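Structure first, commentary second.
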2 protein chains.
Amino acid sequence: MNNGPRRGRRTGSPDTRTQILEVARRRFFSEGYQNVTLRSIAAEAAVDAALISYFFGSKKGLFGAVLSLSANPADFFAQALEGDLTTLPQRVLRSVDLVWADPEAGSRLRAIVSGAADDVAMAALVKEALEREMVDRLAARLGGRDAHRRAGAFCAQVTGLVMTRFVFRVEPVASMRPDALVRLFTPPLRAVLLEPGRRRPGGDPSAPGRKRS
Amino acid sequence: MNNGPRRGRRTGSPDTRTQILEVARRRFFSEGYQNVTLRSIAAEAAVDAALISYFFGSKKGLFGAVLSLSANPADFFAQALEGDLTTLPQRVLRSVDLVWADPEAGSRLRAIVSGAADDVAMAALVKEALEREMVDRLAARLGGRDAHRRAGAFCAQVTGLVMTRFVFRVEPVASMRPDALVRLFTPPLRAVLLEPGRRRPGGDPSAPGRKRS
DNA sequence: CCTAATATTTCCCCCGTGATGAATAACGGG
DNA sequence: CCCGTTATTCATCACGGGGGAAATATTAGG
């Protein structure tokens, strides 16, 4: 008789939790949060859908577990912050482009953004991450007058690049080669890093600046 | 007896279609695409939910009808393009900020973006709109070498501002006053409008530019 | 004015989703 | 060996979008 998976605990010690996480990870990153159903994940993991509730509480819980699993891409950003301020925009641009162009990490980030637009809680998560991991760090790295504002503007620019290139895929930015991208976006990024009245970050302070109140 | 709304066509000529549209419009713009249910719209319009299917085919159909109802915000952008190139960034910034800060139009745009993240078709719509209404128009306005690329970068910057300020609400950009916003974002926008090697758009062509192949 | 076609409207049902609670089986410490 | 804990499935629930069929009003054709 078809003695299928009867009710109750399975024999042995199959790490079902991890198994579910792996399936969920791949599906979420390749199809986006909304387009994946718990049932399909459960089916692919050969497990009852209720197990997901049992282990992770909810679909969002599962998504959160998947997210916290993989390495933080903010680390790449933080790494790009170190070094000469003059070439910081180039480093950040290359780093961001690399991360988002990567099929694995890029899919993950797109999944996050897609979830953020849909759900308020996840939008707050994105906001938090952006502020903490990018704006604050950059502001600390910059220092000086208006550091926080300039850091915010810098991150806004990078966000715009990412959204147009990788999420909306607006031409011609979407299909530009990385080199051209860096050339195109370095000037504005540098412009926003400059304190008003200075021509070069950390440059000659005797340059004619605006009157400081 | 409570002779409630019996089955069949109502007497008179109540413009139910328009009535549904009005309710849907308000709900979609105030709560976002995903968070509004057809049933709740139908209830508020005092109508059976199947009527929405009848008139608009699907939820997306209803959303599309709602969108095509109101005026295009790209017109504001196009209007800001006219005038002196030197102060174009300021005009665009003020215009964009005004439109998105408006409770009515802003809600609508947020609803669109939220829908775009959820559905592929709507994402394509956003991409199309951005390319046609912003990049191409700006490129035509700019002219000159690399006009299309610079227009793309410009729009990427504006997109980034919008996403950080109005969608993700990342500080400090989210709560800056409009004046400060314009001051902060004008330099990078101007930087991207400049042809490489020129200091001012439409400026002295004898300035040392790159060799043209 | 009468009747057939058409438009609008409700009712009832389907299916898929996320979530919960009860039942059941294996595990593990005593 | 016994019993609490953990893992697993099953049976549902409430809700969301969608569709078909019947009922009623309006309109067109004579």
Side-chain angles (χ1 to χ4, degrees), chain A residues 1-24 27-28 31-66 111 114-115 118-122, chain B residues 1-24 27-28 31-66 111 114-115 118-122:
Chain A
M1 302 290 292
N2 180 358
N3 227 5
R6 293 202 320 284
R7 203 186 252 181
R9 184 172 190 160
R10 284 192 215 155
T11 158
S13 60
D15 195 355
T16 316
R17 200 189 130 99
T18 306
Q19 200 173 334
I20 293 175
L21 268 180
E22 281 171 7
V23 173
R27 300 291 302 277
F28 275 142
E31 300 167 49
Y33 181 75
Q34 335 277 338
N35 305 320
V36 176
T37 73
L38 291 186
R39 282 172 153 94
S40 77
I41 293 179
E44 192 173 334
V47 128
D48 189 277
L51 253 197
I52 299 182
S53 273
Y54 175 70
F55 280 128
F56 306 98
S58 68
K59 188 179 183 183
K60 280 175 208 161
L62 174 61
F63 190 64
V66 162
S114 121
D118 170 66
D119 183 65
V120 192
M122 250 177 282
Chain B
M1 298 294 292
N2 180 1
N3 227 7
R6 294 203 321 283
R7 204 188 248 182
R9 186 171 186 162
R10 285 191 210 156
T11 159
S13 60
D15 196 354
T16 316
R17 201 190 129 99
T18 306
Q19 199 172 337
I20 293 176
L21 269 180
E22 282 171 6
V23 173
R27 299 291 301 277
F28 276 141
E31 301 166 49
Y33 181 76
Q34 337 276 340
N35 306 319
V36 177
T37 73
L38 291 185
R39 285 171 150 95
S40 77
I41 292 180
E44 191 173 336
V47 131
D48 189 278
L51 253 196
I52 300 182
S53 270
Y54 175 71
F55 280 127
F56 306 99
S58 68
K59 190 180 183 182
K60 279 176 207 161
L62 175 61
F63 190 63
V66 161
S114 122
D118 172 67
D119 183 66
V120 191
M122 252 177 279

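The sequence lines fix the lettering, A, B, ..., with proteins before strands; numbering per chain opens at 1. As a basis for the values below, the full set of heavy atoms in this structure was taken, side chains included, without hydrogen atoms, waters or symmetry mates. Because the structure is predicted, anything quoted here is derived from the model rather than measured.
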I'd like a table of atom pairs between the protein and nucleotides 21-23 of chain C - only N or O on both sides, under 3.5 Å - with the distance next to each one.
| from | atom 1 | to | atom 2 | distance (Å) |
| --- | --- | --- | --- | --- |
| C:dA23 | O4' | A:R7 | NH1 | 3.2 |
| C:dA23 | O3' | A:R7 | NH1 | 3.4 |

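- To the nearest angstrom, P of C:dG18 lies 9 Å from CD1 of A:I52.
- For the pair B:K59 and B:F28, the NZ or CZ position fails the cation-pi test of under 6.0 Å to the six-membered ring centre and within 45 degrees of the ring normal.
- Side chain A:R39 to base C:dG16: no donor-acceptor pair is found below 3.5 Å.
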Just distance, no hydrogens or angles: give the donor-acceptor pairs under 3.5 Å from side chains in residues 44-55 of chain A, sequence neighbours left out.
| from | atom 1 | to | atom 2 | distance (Å) |
| --- | --- | --- | --- | --- |
| A:E44 | OE1 | A:R27 | NH1 | 2.8 |
| A:E44 | OE2 | A:R26 | NH1 | 2.9 |
| A:E44 | OE2 | A:R26 | NH2 | 2.7 |
| A:D48 | OD1 | A:A50 | N | 2.8 |

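- Taking the side chain of B:Y54 as heavy atoms from C-beta on, and the options D:dG18, C:dT8, D:dC10, the nearest nucleotide is C:dT8.
- For the pair B:K59 NZ and D:dC15 C1', the interatomic distance rounds to 12 Å; values are reported in whole Å.
- Residue B:T16 holds its OG1 atom at 11.0 Å from CG of B:L21, rounded to the nearest 0.5 Å.
- Rounded to whole Å, the distance from CZ on A:R27 to P on C:dT17 is 11 Å.
- Side-chain proximity of B:S53 to the nucleotides D:dG18, C:dC11, C:dT8 is greatest for D:dG18.
- We find that CG of B:L38 is positioned 13 Å from C1' of D:dG19, with the value rounded to whole Å.
- The distance between atom CD of B:Q34 and atom P of C:dT17, rounded to the nearest whole Å, is 16 Å.
- We find that CG of A:D48 is positioned 20 Å from P of D:dT6, with the value rounded to whole Å.
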Which atom pairs link the protein and nucleotides 27-29 of chain D when you take only N or O atoms and keep those under 3.5 Å?
none

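- Distance check, rounded to the nearest 0.5 Å: CZ of B:R17 to CG of B:L62 gives 9.5 Å.
- The interatomic distance linking A:L51 (CG) with D:dT9 (C1') rounds to 8 Å, in whole Å.
- The distance from atom CZ of B:F56 to atom P of D:dG18 is 13 Å, rounded to the nearest whole Å.
- Taking both residues in full, the closest heavy atoms of B:V36 and B:G32 are given as CG2-O, 3.3 Å, listed atom of the first, atom of the second, then distance.
- Taking only side-chain nitrogens and oxygens, B:T16 comes nearer than 4.0 Å to OP1 or OP2 of C:dT9.
- Listed candidates were C:dT10, D:dA25, C:dA7. Nearest to the side chain of B:T11 is D:dA25.
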